[in-house]
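Heads up, the thing below is written out as structure tokens.
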Amino acid sequence: MPRSTDTAAERLLGLACEGVRGLRPYQPGKPLEELEREYGIRNAVKLASNENPLGPGERALAAARDALREFHRYPDGNGFSLKQALARHHGVAMDQLVLGNGSNDVLEFVARVLLTPQHEAIFSQHAFAVYPIVTQAVGARAVVTPARDWGYDLEAIAAAVNERTRVIFVANPNNPTGTWLPAGELEAFARELPQHVVLVVDEAYHEYVAAPGYASALAWCGECANVVVTRTFSKAHGLAGLRIGYAVAHAQLADLLNRVRQPFNVNSVALAAAEASLEDSDYLARAVILNRQGMAQLTTGLRDLGLSYIPSVGNFISFELPGDAGEVYEQLLRRGVILRPVANYQMPRHLRVSIGTAEENQRFLAALAEVLA
Ligand SMILES: *Cc1c(COP(=O)(O)O)cnc(C)c1O
């Protein structure tokens, strides 16, 4: 195919849906292989995507290996076995569950089912980047409310609700700020919402949160028909590369979300690994302890460097730099440490670091000290 000329590019752009024309693709953390290829660096450390530094759990790995033997077959399109385990685990009915190729997949179902160019979705400033993408992709209007102390201002969100609002996205805790909402406040907020608005509570980091006053929306959403709770196996469960997450919702809403799902959106290896991982409490406990220790190590290290950070209950922390965060990001890359720039979250002075192993955290702190010296 010839290299597209400017006029061809312009014409093709004009063919796209209006929302898509203005979209910027999600910027993932830089892969290790890419850094090693581009910079000729060995043994780089990636603390950019909030992955589990423990590596895969043994039980998930064993289940995944077994599932590989059957990969000539399509997966169970209904994910019966995993749904049965999830239903038992959460004390919900199987028809309240929606499986996704990562929980991002489920967020997209929400947008496709509920949003049109006539509708609006509300989310906060500094909220997870997938919310604007799924909203804009279906041509709906994104309404962004100002943050308060880096966290969500539920009053501002409530004030932004109107008759065109269909969806409110709330990440609890939020990425990349690590801020969270007390259970009572979020529940009271949900109960006040008009019936034509669906609240999505994205609990990707649920397993890590130890803050008193935090509770999962699963504790109360049974009484609110318009609440969708999403969870993922990508973070504490250590299955990011397999891509699997899910939603719990009212059975009618779950049915609607399942209507737009591709028949085999979740692969067989992911289904098996997720089911094994669900009850692997040893692995989860180790992940949570390592995270708590690493968070203490990083916050102490950052304070020693005279840097301030946003207190986080997740497996990552965003810290503020005195100067250009982009330049520090680059300098860290050259030293083999990959963080996540968050300028696209309107946080140009911050960088986000995922909590790694003690050794990885130390590599990062030493490199940062060097860069700031
Ligand atoms: C990581 C993350 C997810 C999970 O994405 P997956 O598609 O399940 O890997 C969802 N929401 C937030 C806020 C996240 O940070």
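- You'll find the ring centres of F364 and Y329 outside the 6.0 Å limit.
- Using a 4.0 Å cut-off between charged nitrogen and carboxylate oxygen, R166 and E120 do not count as a salt-bridge pair.
- In the model, R231 has a side-chain atom that pairs as donor or acceptor with a side-chain atom of S216 under 3.5 Å.
- Every residue was checked against the ring pair (Phe, Tyr, Trp, His ring centres under 6.0 Å) condition with H250, not counting sequence neighbours, and none meets it.
- With ring centers used as reference points, Y152 lies 6.0 Å or more from H126.
- In this structure K83 satisfies the salt bridge (charged side-chain N to carboxylate O under 4.0 Å, His left out) test with no other residue, sequence neighbours excluded.
- Donor-acceptor pairing under 3.5 Å is recorded for the side chains of R303 and Y309.
- Atom CE of M295 sits about 11.5 Å away from atom CG of L290, to the nearest 0.5 Å.
- For Y131 and F169, the ring centers sit closer than 6.0 Å to each other.
- Salt bridge status for R37 with E33: absent, with no side-chain N to carboxylate O gap under 4.0 Å.
- Defined by atom type and a distance below 3.5 Å, a donor-acceptor pair is present between the side-chain atoms of Y205 and N50.
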Kindly indicate, with the supporting measurements, whether the criterion salt bridge (Lys or Arg N to Asp or Glu O under 4.0 Å) is fulfilled by R334 and E330. CA-CA 6 Å; R334 287 171 204 289; E330 273 295 326; 3.5 Å; yes
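- Judged purely by distance below 3.5 Å, without hydrogens or angles, the side chains of H89 and E279 pair a donor atom with an acceptor atom.
- D202 places none of its side-chain heavy atoms less than 4.5 Å from the side chain of N172.
- Taking the side chain as every heavy atom from C-beta outward, V170 and V200 never approach each other to under 4.5 Å.
- Atom CG of L339 is separated from atom NZ of K46 by 12.0 Å, given to the nearest 0.5 angstrom.
- Between the CG atom of D105 and the OG1 atom of T230 there is a distance of 11.5 Å, given to the nearest 0.5 Å.
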Candidate pair R259 and D255, rule salt bridge (Lys or Arg N to Asp or Glu O under 4.0 Å), full reasoning: CA-CA 6 Å; R259 290 181 198 190; D255 174 50; 2.7 Å; yes
Chi angles and distances behind the salt bridge (Lys or Arg N to Asp or Glu O under 4.0 Å) call for E370, R335: CA-CA 9 Å; E370 244 180 67; R335 288 165 175 79; 2.7 Å; yes
Show me the side-chain donor-acceptor pairs of residues 56-77 shorter than 3.5 Å, one per line, residues at least two apart or across chains.
unit_1 : atom_1 : unit_2 : atom_2 : d
D76    : OD1    : N78    : N      : 2.8
D76    : OD1    : G79    : N      : 3.4
D76    : OD2    : F80    : N      : 2.9

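- Aromatic ring centres of W180 and H206 lie farther apart than the 6.0 Å criterion allows.
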Run the salt bridge (Lys or Arg N to Asp or Glu O under 4.0 Å) check on K235 and E51 step by step: do they pass? CA-CA 6 Å; K235 309 288 159 59; E51 294 149 342; over 6 Å; no
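- Aromatic ring centres of Y246 and F233 lie closer together than 6.0 Å.
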